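Reviewing the structure listed below.
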Amino acid sequence: MVAIFRNFSTARSSVQYIPRRLSLYAADRDLRRLDGNSFPFFDERKQLESRLVSLLDGCDGLVQLKQVHARVYRKGLEQCCYVLAKLVRTLNELGVPVDSYQRLVFRQVHAQTMLIGGFCSDLYVGNTLIGMYVSCCDLGSGRKVFDEMLHRDVISWTTLIVAYTKTGDMVSAGDLFDGLPVKDMVAWTAMVTGFAQNAKPREALQFFKRMQDAGVETDEVTLAGVISACAQLGVAKYAKWVQDVAEKSGLGPTDNVVVGSAMVDMYSKCGNIEDAYLIFKGMKERNVYTYSSMILGFAIHGLAQAAMQLFNEMVETETKPNKVTFIGVLAACSHVGMVDQGKRVFSLMEKHYGVVPDGDHYACMIDLLGRAGHLNEALKLTETMPVKPHGGVWGALLGACRIHRNPDIAQIAASHLFELEPHAIGNYMVLCNIFASAGRWDDVSDVRKLMRGKGLKKNPGCSWFESKEGEIHEFFAGDTKHPRSSEINGVLEDLLQRLKGLGYQQILSSVAYDVSEDVKKGILMAHSEKLALAFGLLDSSANRPIRIMKNLRICEDCHSFMCGVSHIIGREIIVRDNVRFHHFNGGTCSCGNFW
DNA sequence: ATAGGGTTAG
């Protein structure tokens with residue numbers, strides 16, 4: 001067959017024009033007519049190929065696809081790489097989950113293309129093979145095809161780069177990118193987005209700057225990644241800069257719904273909920289992302305009424321709420337303890353809006369009940385909910401046990417969590433904290449032993465602050481490496497004395513170590529958010545709010561410290577912890593001590 | 001023909 005195919009392909013090279021998209025019926029009829037021929041000559045092979053391709057184009061189900069597949073073999077067309085490649089594409093487009101049938105097709109395609117060296121010379125087939133392996137999570141085979149291809153284009157590279165970013169292997173992705181001879185906008189964007197999606201926002205922003213210096217164009221997809229990076233970092237200065245860049249490229253938030261929605265999220269996560277709302281208001285078109293981002297923005301700022309009101313406005317429009325929208329509404333209730341409202345929304349979401357609650361929604365409900373102190377009700381709901389509770393659900397319960405100091409329920413939650421997420425360090429730390437504040441030091445040391453046994457290390461507390469110049473200064477707990485470290489300590493000492501004069505007492509139970517009181521006091525004063533606050537006072541200009549970002553939940557002692565400092569200095573302090581914002585002003589916090 | 005996309009509770 002191979003020999004015949006090659007002979008004919010040199011002897012008769014003219015192929016008649018065949019429209020690509022025929023109706024299913026016509027394609028099928030033509031195929032049947034061609035069935036009469038016992039031996040496929042080149043032109044007829046070409047015709048068959050086109051017919052099969054158009055059949056695949058019109059394919060709307062797995063059954064049809066399998067029929068076409070069978071026909072490929074019946075007609076001896078298994079060497080037509082294009083048809084096989086198309087078959088794989090169609091499987092992907094149909095969204096068929098990777099099962100044994102799909103693997104069978106993959107193996108056949110690979111075997112045939114190996115046989116005739118298809119992917120060595122044909123870019124489309126090679127790229128399809130890479131994509132195919134990537135889609136079934138066999139990156140190694142994808143890489144092998146890539147390495148064996150004689151010619152590669154930027155698409156081959158980008159497919160593989162993206163595959164590496166999706167597995168979190170940014171090093172391999174970066175190596176590939178560096179070796180890419182001609183980098184286009186899509187390839188650059190893949191890297192920027194890859195960093196953003198792998199929680200490396202700083203690298204994402206650096207890459208975007210490099211991209212701009214290289215004179216590469218920017219479009220809305222690139223911006224989406226960059227904006228997401230800014231949101232993660234929460235840096236207001238970059239946020240403004242990115243908006244400038246966007247508007248210069250004609251992709252401002254007013255006219256572009258993707259850019260606008262991402263910016264709503266970005267500004268609210270930078271602490272500028274007012275700017276977020278301004279963007280929202282100014283947008284010409286709003287979709288479910290836009291509304292959900294805004295509702296979530298209100299939620300993390302503790303503005304539950306605004307979130308509810310916006311939700312009510314939303315359901316009057318054409319835009320239907322989805323899963324994420326309800327996460328936002330429930331989170332809003334949770335952050336202020338609106339238990340009854342939350343329960344009502346939860347009960348209506350399926351009945352009125354057709355959104356079936358999933359594990360994440362239950363996690364919100366457990367969080368809502370737990371935060372409000374209804375720990376037993378929360379436990380009961382966890383045990384009776386219709387879907388199997390995932391880590392988030394038990395995690396919410398564990399978090400509630402920390403707030404309300406309930407080591408017994410905490411143990412139940414933790415035992416599930418250690419099964420479901422054995423490597424998630426945060427769970428062990430929270431349990432340690434709960435036992436520590438109950439004075440159960442033996443239990444604390446058991447948990448620490450368990451962690452050591454698994455080779456887990458504490459996730460260090462880290463805070464950062466954006467200086468006047470837009471530089472990001474990062475502080476770890478107990479950090480003395482900052483060049484202005486001694487000044488920082490001086491500021492803290494001064495603040496501590498003045499607060500003590502007002503009756504402030506350090507909350508020693510916030511320390512999860514069994515050490516002396518003096519050591520505890522020292523540990524508390526070296527918490528990263530306090531270091532960042534002191535540096536903020538040294539650096540920033542007066543009358544502007546001080547914005548601090550933190551990777552973990554703010555501790556009780558730091559919370560009360562911030563309250564006091566906001567009173568002393570007469571300035572607003574905004575702290576973003578891992579879940580929400582705290583606006584400290586004149587001695588009180590926007591969370592009303594409920595967080 | 002084939003590559004990059006914004007929001008998600010603990």
Side-chain angles (χ1 to χ4, degrees), chain A residues 20 53 57 82 85-86 88-89 92 122-132 134 153-163 165-166 180 184-194 196-197 219-229 231 253 256-266 268-269 287-297 299-300 322-335 358-368 370-371 389-403 413 417 421 424 426-427 430 553 578-580:
Chain A
R20 263 190 57 73
V53 167
D57 269 338
Y82 180 75
K86 186 73 193 176
V88 171
R89 292 272 164 210
N92 273 339
D122 189 306
L123 268 173
Y124 175 73
V125 173
N127 287 343
T128 301
L129 273 173
I130 298 178
M132 172 185 100
V134 165
D153 62 2
V154 67
I155 294 174
S156 333
W157 295 80
T158 310
T159 308
L160 214 52
I161 289 173
V162 170
T165 67
K166 293 260 159 77
L180 177 51
D184 69 358
M185 180 171 70
V186 179
W188 278 99
T189 303
M191 288 302 290
V192 172
T193 312
Q197 289 174 345
D219 72 358
E220 56 170 6
V221 184
T222 322
L223 281 174
V226 179
I227 294 170
S228 161
N256 189 305
V257 70
V258 174
V259 170
S261 307
M263 279 191 181
V264 168
D265 176 58
M266 172 176 80
S268 68
K269 285 189 178 153
N287 62 19
V288 66
Y289 282 91
T290 328
Y291 277 102
S292 303
S293 296
M294 195 66 239
I295 289 173
L296 238 114
I300 60 176
N322 68 6
K323 282 171 180 297
V324 181
T325 320
F326 282 103
I327 298 275
V329 178
L330 293 174
C333 296
S334 179
H335 283 312
D358 64 10
D360 295 342
H361 297 107
Y362 277 94
C364 290
M365 284 309 287
I366 307 298
D367 186 55
L368 171 69
R371 261 179 219 283
H390 60 225
V393 179
W394 290 112
L397 187 60
L398 185 66
C401 292
R402 161 157 71 178
I403 298 168
L417 277 171
E421 311 176 331
N427 300 327
V430 173
R553 183 183 191 266
N578 57 342
V579 283
R580 63 168 295 161

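Chain letters run A, B, ... following the sequence lines, proteins first, then strands; residues in each count from 1. Everything quoted here is computed from the prediction, not taken from an experiment.
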Which part of the nucleic acid does [X] contact within heavy-atom distance under 4.0 Å: base, sugar-phosphate only, or nothing?
{"X": "A:Ile130", "answer": "nothing"}
{"X": "A:Gln197", "answer": "sugar-phosphate"}
{"X": "A:Val192", "answer": "nothing"}
{"X": "A:Thr222", "answer": "base"}
{"X": "A:Asp184", "answer": "base"}
{"X": "A:Val324", "answer": "base"}
{"X": "A:Gly370", "answer": "nothing"}
{"X": "A:Ser292", "answer": "base"}
{"X": "A:Ser293", "answer": "sugar-phosphate"}
{"X": "A:Asn287", "answer": "base"}
{"X": "A:Asp360", "answer": "base"}

In chain order, what residues pass the side-chain contact (heavy atoms from CB on, under 4.5 Å) check against [X], with sequence neighbours excluded?
{"X": "A:Val257", "value": "A:Ser261, A:Met283, A:Glu285, A:Asn287, A:Thr290"}
{"X": "A:Asp265", "value": "A:Ala231, A:Lys269, A:Ser293"}
{"X": "A:Val579", "value": "A:Asp577"}

Looking at [X], I'd like to know whether one of its side-chain N or O atoms comes within less than 4.0 Å of OP1 or OP2 on [N].
{"X": "A:Lys269", "N": "B:dT8", "value": "yes"}
{"X": "A:Arg371", "N": "B:dG10", "value": "yes"}
{"X": "A:Ser228", "N": "B:dT7", "value": "yes"}

Which nucleotide in B:dG10, B:dA1, B:dG4 has an atom nearest any side-chain atom of A:Tyr124 | B:dA1
Out of B:dT7, B:dG4, B:dG10, which nucleotide sits closest to the side chain of A:Asp265?
-> B:dT7
Considering only heavy atoms and no angle criterion, is a donor-acceptor pair shorter than 3.5 Å present between the side chain of A:Glu220 and the base of B:dG5?
-> yes
Note: A:Asp360-A:Lys323 ion pair, threshold 4.0 Å (strictly below) | no
Contacting residues from residues 394-403 of chain A, given that a heavy atom lies under 4.0 angstrom of DNA chain B = A:Gly395, A:Ala396, A:Gly399
Which residues share a ring pair (Phe, Tyr, Trp, His ring centres under 6.0 Å) with A:Phe326, sequence neighbours left out = A:Phe311, A:Tyr353
Verdict with reasoning, A:Trp394 to A:Leu397, per side-chain contact (heavy atoms from CB on, under 4.5 Å) = CA-CA 5 Å; A:Trp394 290 112; A:Leu397 187 60; 3.9 Å; yes
What residues, two or more places apart in sequence or in another chain, satisfy side chain to side chain donor-acceptor pair (under 3.5 Å) together with A:Asn578?
-> none
